[in-house]
Each structure stands twice: as C-alpha cells, then as structure tokens.
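Notes for the one structure printed next.
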Amino acid sequence: MKELPEFDSRAIEERILDWWEKEKIYKEIKKAEPKDKVWRFIDGPPYTTGNVHLGTAWNKILKDYLIRYKRMQGFRVTDTPGYDTHGLPIEVLMEQNLGIHNKKEIIDYGLEKFIDKCREHAESQIPKMNEQFKRLGCTFWNWENPYITLKNTYIQGIWWTLKEAYKNGLLYQFYKPQNCCPRCATALAKHEFEYHNVKDNAIFVKFQSVEDPKTFYLIWTTTPWTLVANTNIMANPNNEYVEMRVKDETWIMGIAATANLLQFKLELARGEEDGFDYGRRFKGTELEGKRYIHPLIDEVPYQKELEKQQPKVHTIVLSSEYVTEGEGVGLVHTAPGHGPEDFEVGMANNIPVFNPVDMHGKYTDEAGIFEGKFVHDTNEEIINILKQKNTLVYIDEIEHEYAHCWRCKSKLVYRATRQWFFKTTELNELMLKENEDIYWVPDWAGHTNFRLWLENLRDWCISRQRFWGIPLSIWTCQNEDCEHIRVIGSAQELKEVAGKCPEDLHRPHIDKVTWKCPKCGDIMKRIPDILDVWLDSGSVMWAAQKFVDGKEHYDTWVPADFILEGKDQIRGWFNSLLCSAIVSSKRKNYNSCYMHGWVQSHGTKMSKSLGNAIEPEDIIRGEVEILTEAQKEHLRKLAAEQSTSKFDKTKKKSKKKSKKSKKKSKKKYIKDNRRWSNVKGIETFRFFCVGGTQAGRDLNFDYKEYVDTFKVLNTFWNMYLFAEEKMNLNDFKPSEVTIDYKQLSLEDKWVLSATNTMIKHLTELFDKYYLPDIPALLQNYILNDLSRWYIRLIRNKIDPNMEDPGRFQSLKVLWTVLYQLVLVMAPVNPMLTEELYQKMFKDDLGKNVKKSVHLESWPDIKQKYVDEKLEKEMNFARKIIDSIRSLKMDHRIKLRWPTKALYIIPKEELDELRFIDIIQQKANVKEVKILDKMPKGKLIETEISECKLVLDLEDTKEIQQDRIIKDLLRTIQYLRKINDFNIEETITLQLATEHDFVFQALKDNEELIATKVSAEPLDLVNGKIEEDKSQIYHEFHLCLNESCYASVREKHAKKIKANKKKQCNYCKNQITKDSLGVIQIQFSKNEK
RNA sequence: GGAGACGUAGCUUAAAGAGUAAAGCACCACCCUGAUAAGUUGGAGAAUAGAAGUUCGAGUCUUCUCGUCUCUACCA
C-alpha cells in the first residue's frame, strides 16, 4: 500500500492520463477483450468544428460510462469514434476565410482548391478534438482510427445506400417547390430549417376581373415577391363568397373576411356612398374559371406567354383542401413555383410551374423588369407598383415564424427545383413499426416525440447544389430523350462501367468520369449535386464497417445495440439512421437508444453571444463564473430578447445592450476562491453531469450544485485517505487476512450486505440504461453507508492504540468494500479510481492483479453476504439512535455525556434487535433494555412508530466521572488541534484541581487520559498550579452543584467570575463563584 | 395554425396507481468533531403558477387562464 496524495483532482487526472498513454493501457484492454461477446455501440459523429463544448462533453462522457461498464461486464465494445466532416458548416466557414460571398465566387476561385481547403480544415480539426475528448477521461476509444465521413471507403458506403434505395424503387427525381437557401444556393431538407420570428408586410391586393373591369378579386399575401409568379387564384368551392359594393367598385371576397377588411382595416362605413354594402352571396363553385388580369402583367411579359400556353392561367381554380374560411380573404393567391400547395393545385389543373427565380433568390429574365433583383428586396418595389396601379388595398404588418437556413440564417425562398428524393413516405408504416421495437430511454423520446416526427415525415430531399460533400453517384444520359439513369454502388462498379475511377471520390474529380450511354450512345454524366450531410452519418452502420470477409461488403451490417445522443437528433441522426436503413435494407439499425437534453447555463441555453457559455477547459481549470440571481435574471431577459431580435432588424437597441453585458460577464471570477480552489479537473463534472437531470431533460449547469458534487468526491477521497492511514498504522496486510464470515462483527456483516445490495441495484440501473439514477445511488452509499456510518462505527476498533483483536477482520472488510467501490466507480471516475487502484489495492491483489483498474471485471454480487433482515435491523437501529439524539438535544444533554440506560418499550412485537451495542455506543447510554412497561425513576421519553424510547437519567459515580472526563478530553484534543500539534506528537501534561471528587475522577481515568491525548508523562495535581507562559495553559470549568459536574462554557465562566448569575445547562441550578469548579490544563510538546 | 411538454421552499430537484407535500444546498440555533471544505438535532421557510370541476379526498384526473420552452406547418 502506497501513500495516497491529497485530493487534487486535476493533478491526479493529468498524471493518470499520462500514465495510461505511457503504459499503453488501451492496447492491453483491446487485447483482453473477448472475440465473440460483442456490445455494438455506435458513436454519433460530432461535426468537426475543432472545439468540444460542454454539451458534446456531456454526450461523450455518458457514452464513456457505458463503454467502460460493458467492458467490465466482459463485452468486446465497438468503440470507434466518428467525425462528421462534410457539408455547409465548413463551406460557409471557408467562404468567410477566403472572403468569398457566394457560389459563383467559389467557382471563380477554383472548385478543386476550394474543396481541398475544406478537406484540409476538416482533417486539421480532428486531432485537436481527439485530444479534447481524451482529456475528458474518454480515453479508451479507438482515437487513432476514427471513422471519418470524408474517407473513400465511407463514401462508397453511402453510394451503396443510394444504389440499394434505387433498386428498391425508393430513389427518384422530381421537380417541385423546395425551400432553398439563396445565400448557399442549394435546396434544403426539412431538418435543416430553423424557424425564427420575423416581421413582414402583409398586403391585400385586388385583381381586376377580365369580364367586368369594375369587379375585383381580393387576395392577401405576406410574400409580395411571389406575385410575379402568380398564375391563379384559389377559391374554396364550399365557402360562401359575396359581391361587395365598395365605393363604385365590386369586390369579391369570402364572406367571413368582409368586416375585418372593410370596417376595421379600411374604416369604411356600411351604407355610405363612399363606404360599402353587402351584395349577392354565392358558393365558391360559381367562381371557377373566372378570368382576371395579372396585376404585374406589364412588368412581367412572360405572364402573357403563360396564358397562351394554358388558358387556365389567370383564372380562378377550386380547392376545398387548401382554402380555409378563417384566414385571409377567402381567395388565395397561387404561384405553383413558390409553394407546395400551390404546386399541387397547379398540377391538378395542368398549370405550368412558373418559377422565375434562380438558386440565388434572384429573378431570371422571365421576371421581366425584375430580372437580377433579389426576391426579398423586391417586396417594396412591388408594393409601390401596385400602389401606382391602385390595386393595393391595404398594407398590414404581420409577425410570424419564417424558415431560415440552419447554417447561415438566411431567409429561405420557396422555389421549384429539380431534386432527388428518398420515397420515405411509402415506408412510413414500416418505420413506425420498427420504431416500436426500439428500446428508448426515456420511453417518451421514442414513443411520443420520434413517433410524431415519423408520422409527419415527407419524402427526403437528399440532393444539394453544393461542393463539399459526398457526390451523388447518379449518372444520367445527356440526351434528354434517352432518360437513361445509372446509379453506382461502389468505386469498383464505377471502374467497371466507366473504365476509370479517381483516387479521390470528391468533386471535382468525380465529375470528370463519363461514359457512353449504352442505350443511345450519348454521354453519361454525373449529376452535379452532392448529398445532404445527414445521410453521411445516417449510413454509418455499414459505411464505417470497412471490411467484412476481407472486402467491402455492406449488406451484412448488424444493427447497433446502443446509441446515445441529444434531443436535437430526433430530427437529425435518429431520423437519418432509420431512414437510411429502411430505404436501403427495410429494417432498423439500432435496438436501443438513450436520449439526453441540452446543457443549459443559469436557466438559459448556453451561447457564445450571450457570454454564458462554459467550456470544458473552464471546468478543468476551475474557472467557472458564478452569477448572482440578478445577473441570472438579466441573462434570461437577454436571451429572450435575442431570440426575437436576431432576425428583426428593427430592434437594434437590444443588440447594443447585449454587447455591454458581454463585457461585464466576460470577466471570470470565483466567489471565495480559497474555499473552492480545489474544484478543478473533469472528474467532478463526470459525476455531476449524469445525475444532474433526468433522461431527455436539459441539464442546468448550476455551479452550486456542481460544487455539491465535489463534496461527494472529496468525501470519497478522504475516506480512502483515512482507511489507508489506519491500515498502515495497524501494519495491516490485506493479503494476509482472509474474511472469516462467522467471526465478523455485526456491523462488518452489515456493510458487506449493504455493499452487495448496492452493487446489485447499480448493475440493474446500468443494464436498463437508467444512467441518471446512478450517481444518486453511489452518493448515498458513499456518504450515508460508508463515510457517515460504517467508518464511524469501526473507528475505535481500528485505532491501533486500542489493540482490538477484531480489528484485522474489520480492516479486511473495509478494504474489501472499498475495493468493490473502486471497481463500480471506475466507469464514472476512471482517473480517480485508477489512482486508488494503483496506490492502495494493486500490491495486495495477488495473482489476480491487473495492470490497470480498467482491465478488471465488474464485481460479482456475493449472495452469501446479502442479509436483508440485517439491513432492515440496522435501519431500525439508526432510527432509534436519531430519535435518542433528538431527545437528548431537547433536554440539553450533551451527546458526549453518558446516560444510565435506554429502555425500549415495544408497541407490538419487535424483530430481533442485534444492534444493541451500536445503539448503546451511538446514543451514549450505559445499557439498553427492552421492557414491556414503563419503569420508575428520573425519566424522559420519546416515541417512534414501532416503540417507546425512554432514557433513565439517574446518575452514578461512573456517569458523573464520565461527564467530567469526556468534556476534558475533548478540550485537550481541541487545544492540541488549534495549536497545530500532530497526532503522533506526545505532550507533557499537567492537570490540577482543588476539588477532591474531580481529582479522584482524574485519578481513576489517568490511563485513559494519557492514551487519548498522548500525554507522556501525565502529572495530576490535587491543588493549584502556576501558569507557565511558555506552555499552553487553559482553565476548564465545571458545575459543582449537587454532584452535577457538567462542564461550563468559557464565556459563561467568565460571567460567573464577574459575579453574574448563570444557570447550569444540565442541573438547572444557579452557579456561583463558589460552585464553579476548575481544572487547570497545562502542557507542552515533547522533544523527539 | 397544429403538437408535445413544463411551472412544487431562496436555489436544484423528489413525490407509480389520487391518501398528512419529500430531500439536498443555502439560512438560523444547538451539538459533535484528530479522515472530511465532513456530521447530528432542531428551527424557519411552499395554500404545489392561477381559477373552476370530478371526488370522501387532487401536486397527481378534466377544463380554462397566465407564464416559459421545444417541436412542427402548404401562415396563401
């Protein structure tokens, strides 16, 4: 057994991490893992941002728990971490770095150069992140060989998905409106939308009737720019419409909308000449086929072309589905190029899809005078034109949620484009069915949240018009009439078909691969699109599985036993995983799934712009900002403001405010640095973050709570320090003592039982993946069962001076339970437990010893030690002790003062009471008796549910002496302590008193005193001594009334000496100068 | 617009099925203490966001209101 260091978590962690590295422990772990028994875990790949924030840390730590646990349970664990490397985030970052603003500039810069930059960036972030993850204690992962989505092998795995989906008839191309990001110039899928509140102008416009120039149709829109592409008006065949007289015109609108628009918005009076009147009412069906004049027909000449192409253009069409009564004006402006519903109705009526907007959100030449303008900037111009034409009826301001790009936060534009889709709607039922079979923690994550998401799933748009991503392996014939399509499933296949395949499968190299169409002889070219990044990680199950049977062979993939991610992955990874698996293989690819929430700080989301982000390094360095309640409140307000103002340019004031507060909160400070200066390192966070919240809920990183956790680990560590010290003092050799169960004391038996029970519960929690309950269970065991109870019980016994014959058995039991605890704590706190294992246990484990605690197995539950009855009895004993302490306190009897007897009077039959000794010791009574009726005497009593508890306060000489000696001992110990005497240092002690009874008490307990305070020699004086200034001198006072002998506190003694009256706490009599006894204490340190 | 939540002491969280509203931290007092930034006992502190209903009985079930959050949408 080696000496343990003081608890400095950070220093210990760093030393252990080095040691693991140096000793190559990970290699040994992999070597020791079995071949067959596999626990298949798949890591959801974080994006290569280069920075591991607290949420990512939490995520990895939770995973690390289970990896370590399952390993101890004898599984081979798939521990390959992953990195997501493709997609817009890096492209956007590279654009910023290069000072580029759009796609065209990227092409000008050079596609190859740009993609190389992206790759370079992604690859450069990985080693950084590896190190950050390792520092969290997530060390024994396959960091040297993570799966990375940009690798060729990985890309081929995705190609396999595409090919399988195509074979299954689930990959198709379609032309329809999609939300597109104008800045990134690509289509986006629905999991890439971010909704934010924006203010827009909503306008009421009147469309002139062709049949009657004084008749107008009223429509309402929040996106004036889509009027350019308007082709129709929709009416609900079942709704009621009305011909309103408005001044000298006839306006046609839904009856439900009239009052709102005319009376309240336009403030017209009913019946007045310049007001309005109700006219003929009729059903929507009557409106079908009515022609109107497009309000921008002069500005957008192409509209005339459309009319020629299809006479139904610029007429009213019917839709009962998409026109509701309550909203707008009952007639709906329809632009099939700019809205899915418009598109659908357009298709049903054979209306051409007019989309005069390009990928960048700019009007094309088909938009006439608007050509080249950005759509969101054109709203105002269009409004002005409409005003001039006198067709604008009213402008309203409306606040609504609008979709933005998840990456660059641009407002999206709905426009028709040709995209590739997975036909996930067709497989919806299968997905729901497969989802039912997934074991979710918490249950509602899967069976409510994810189910709802799946129920609303639409076809997945997988194509993106970007550069940095996996190229779609789809080649089409350039001859438009031919329509030949070839989907490629691997590099090998490409080589066979095209005769060549580039080294690097990314763009632009892959774009150069072409071949002759086998059907028509024209050229087969790859479509220029790349894939939605989400498909990258969705295919990990087979794409990361590089070789099976020595070659790429994807369709043998095995579902993951377990995955674990945050709640944002409902729409993200959980979704893309299941979709990819169903589309390619029609089965699910994960069997159980744990979902956690987000890390919050001070009740709000952590964000850099709010200045409340806490990084793992802050925690490791112990520099976490503590906010006052007022500051927290301010933060919450700020967060609320920011979420609305971010996308609303009108609120500039609040932005300024937030800058100010940023400055304020940037200053990191620690409240009472001295007190918490040890709260450093990551182990406290590892313990805290799992139990900090329930599964699926957000983790509120509250500093106080976090520090609370530190106290648990501090006690945990000190417990080992204490045990190690006692074992060494006793010259105890664990390997030389075997536990003889029959010989054990009851408390030893109890702690063995309690330990095994705890391990049993713990194992159940781990197996059910109820992670958040784990720390609470450990904490309760560490604090309540070991530190505050068992160790206290055996403290006297294992004191080497007491030479108790049972002490070696107890020490062995202590050693055993502490060893078990190290094992079960190893997944939670891998570094601290490693230190303990190395220093305290390794030398005594004999031939079973392992090089590292992480090569050990999870402890078996020793059923022979489990004694439920004993545990119950102990609980009962503790209950009695608590009640007695409370009773003594009520009567101002110090616990230190012994009492003659405790009588237990049962209400009904009691179970056996085997812990009489412990009750006697802890309640400090001379004897415990079980009686069936109240005895007589000087008694006080209390009651618990099982029995009556009675204390007999009758004094004996022994009790009186004890009252003096116990308090005296404590006083001397205290004096030693405050004067910085070490435990092993001895003193020369003089005790003097003039009072005979007190002197006799000292005399009778001479040996005890000498031992307890290490006095060699001890000199007892029956009389007075002179104070020696060179020594430590103290006067101990006591009450001499009626043989009370209770100690009197120093401040009270002073008052009594000054002739003030004071009542004795114990005997309640007045103490005067005469009845105040004194013991003079004088001592000095002995030279060695 | 739709859906899912959430609101319990100053703070952080508990309370299957309806049955006296817990615990930890913080606070106050007393006690204890030679492993412990530890511990004991007690105190103070919540009409469980508000209102109504069902019930012998509601933090728990129902409805509404207020507040907070998340997800989602074809807001024309």
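In what follows, chains carry the letters A, B, and so on, assigned in the order in which the sequence lines appear, proteins first and then strands, with residues in each chain numbered from 1.
Under 4.0 angstrom from either OP1 or OP2 of B:A73 there lies at least one side-chain N or O belonging to A:Tyr195. Taking side-chain N and O atoms only, A:Arg458 has a distance below 4.0 Å to OP1 or OP2 of B:A73. Between B:A38 and A:Thr715, no contact under 4.0 Å exists linking OP1 or OP2 to a side-chain N or O. Residue A:Arg571 has a polar side-chain atom (N or O) positioned under 4.0 Å from OP1 or OP2 of B:U72. The phosphate of B:C31 (OP1 or OP2) has a side-chain N or O of A:Arg1049 nearer than 4.0 angstrom. Contact check, A:Arg896 against B:U33: a side-chain N or O comes under 4.0 Å of OP1 or OP2.
Contacts classified as salt bridge (charged side-chain N to carboxylate O under 4.0 Å, His left out) and involving residues 776-793 of chain A (residues at least two apart or in different chains) are given here: A:Asp785-A:Arg878.
Counting only heavy atoms from C-beta on, A:Lys711 has its side chain closest to B:C25 among B:C25, B:C31, B:G4. For A:Glu401, taking side-chain heavy atoms from C-beta onward, the closest of the listed nucleotides B:C32, B:C74, B:C75 is B:C75. Closest to the A:Asn714 side chain, of the nucleotides B:C74, B:U41, B:U36, is B:U36. If you check B:C32, B:C75, B:A14 against the side chain of A:Arg697, the one that comes closest is B:A14.
Applying the ring pair (Phe, Tyr, Trp, His ring centres under 6.0 Å) criterion to A:Phe732, with sequence neighbours excluded, gives no partner residue. The side-chain hydrogen bond (donor to acceptor under 3.5 Å, both in side chains) search around A:Glu943 returns A:Lys907, not counting sequence neighbours. Taking A:Leu729 as the reference, A:Glu725, A:Pro800 meet the side chain to side chain contact (heavy atoms under 4.5 Å, CB included) condition, with sequence neighbours excluded. A:Lys768 pairs by the side-chain hydrogen bond (donor to acceptor under 3.5 Å, both in side chains) definition with nothing, not counting sequence neighbours. Residues satisfying the side-chain hydrogen bond (donor to acceptor under 3.5 Å, both in side chains) test with A:Asn730, not counting sequence neighbours, are A:Arg807. Here A:Trp440 pairs with A:Asn435 under the side-chain hydrogen bond (donor to acceptor under 3.5 Å, both in side chains) rule; sequence neighbours left out.
Using a 4.0 Å cut-off on heavy atoms, the residues of residues 786-797 of chain A that approach RNA chain B are A:Ser787, A:Arg788, A:Ile791, A:Arg792, A:Arg795, listed by number.
With 3.5 Å as the limit, one finds no donor-acceptor pair spanning the side chains of A:Asp342 and A:Thr334. For the 3.5 Å distance criterion, the side chains of A:His333 and A:Thr226 qualify, holding a donor opposite an acceptor.
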Writing each nucleotide of RNA chain B 5' to 3' as (, ), [, ], | or . by Watson-Crick or G-U pairing under 3.5 Å yields (((((((..((((.....[..)))).(((.(.......).))).....(((((..]....))))))))))))....
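With rounding to whole Å, A:Asp799 atom CG is found 9 Å from B:A35 atom P.
Taking the C1' atoms as reference points, B:C28 lies 29 Å from B:A49, given to the whole Å.
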